[in-house]
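Below, each value reflects all heavy atoms present in this structure, side chains not excepted, and no hydrogens, waters or symmetry copies.
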Amino acid sequence: MNLEQYYSGDDVWNYFVKIAKHEIASAAFNTDKSFLAKLKRKLKKHNDIAYVAYYLFYNDSINWIERRIPALDNLMPIECLASEELTNRLREVLLRTPL
């Protein structure tokens, strides 16, 4: 099953990104800004995915983007940035990840 077929859409994704950015900016989150900056550099133009990955996986987010994920058909999240279809698969996996 390819999750990109079930992608919730850009409106849902953008709302989730907004929530992630808001939470990361709060004092209670204790954001490691240098770590987040490193994650953003690794994900290049995909800051939205960087914010959500950091929100969900915190200081394990760099390890997570470089790990093979069964829900992504054993692709690494960073590999999913190669196409829009795979990026939407990654976004859907992130949307479905429990907090």
Working note: Ile24 + Leu36, criterion side-chain contact (heavy atoms from CB on, under 4.5 Å); need CA distance, chi angles, decisive distance, verdict. CA-CA 10 Å; Ile24 289 169; Leu36 179 58; 4.1 Å; yes
Test salt bridge (charged side-chain N to carboxylate O under 4.0 Å, His left out) on Glu66 and Lys42 and set out the steps. CA-CA 10 Å; Glu66 296 174 338; Lys42 284 188 166 285; 3.0 Å; yes
Is there a ring-ring contact (aromatic ring centres under 6.0 Å, His included) between Tyr58 and Phe35? Walk through the geometry before answering. CA-CA 9 Å; Tyr58 193 57; Phe35 189 91; 7.5 Å; no
Going through the distances and angles, do His22 and Phe29 end up as a side-chain contact (heavy atoms from CB on, under 4.5 Å)? CA-CA 10 Å; His22 176 75; Phe29 198 81; over 6 Å; no
Go through Tyr7 and Asn2 one step at a time and tell me if the side-chain contact (heavy atoms from CB on, under 4.5 Å) criterion holds. CA-CA 10 Å; Tyr7 177 49; Asn2 295 330; over 6 Å; no
Working note: Asn59 + Tyr54, criterion side-chain contact (heavy atoms from CB on, under 4.5 Å); need CA distance, chi angles, decisive distance, verdict. CA-CA 7 Å; Asn59 286 339; Tyr54 188 75; 3.8 Å; yes
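Within the 4.5 Å cutoff, the side chain of Ile69 has no heavy atoms near those of the Leu75 side chain. At least one side-chain heavy atom of Leu81 sits less than 4.5 Å from a side-chain heavy atom of Leu90. In this structure the side chain of Asp10 reaches within 4.5 angstrom of the side chain of Arg91, judged on heavy atoms. Taking the side chain as every heavy atom from C-beta outward, Asn47 and Val17 never approach each other to under 4.5 Å. The side-chain heavy atoms of Trp13 and Ser8, taken from C-beta on, include no pair separated by under 4.5 Å. Within the 4.5 Å cutoff, the side chain of Leu56 has heavy atoms near those of the Phe16 side chain.
We find that Arg67 and Asp60 are joined by a salt bridge, their nearest charged nitrogen and carboxylate oxygen being less than 4.0 Å apart. Using a 4.0 Å cut-off between charged side-chain N and carboxylate O, Arg68 and Glu79 make a salt bridge.
Nearest heavy atom pair, residue Ser61 against residue Leu39, reads OG-CD2, 3.4 Å. Residues Met76 and Ile65 come closest through the heavy atom pair CB-O, 3.7 Å. Scanning both residues, Glu92 and Leu3, for their nearest heavy atoms gives CG-O, 4.0 Å.
Within 6.0 Å of CG in Asn74 there are more than 12 heavy atoms belonging to other residues, nucleotides or ligands.
The main-chain N or O of Ser83 is found under 3.5 Å from a side-chain atom of Thr87 such that the two form a donor-acceptor pair.
Between Arg41 atom CZ and Ile62 atom CD1 the span is 8.5 Å, to the nearest 0.5 Å. Taken from CG in Leu86 to CG in Leu72, the straight-line distance is 8.5 Å, to the nearest 0.5 Å.
Tyr55 and Lys21 form no side-chain donor-acceptor contact under 3.5 Å, judged by distance and modelled atom types alone. Inspection of the Ser34 and Asp32 side chains reveals an N or O donor paired with an N or O acceptor under 3.5 Å.
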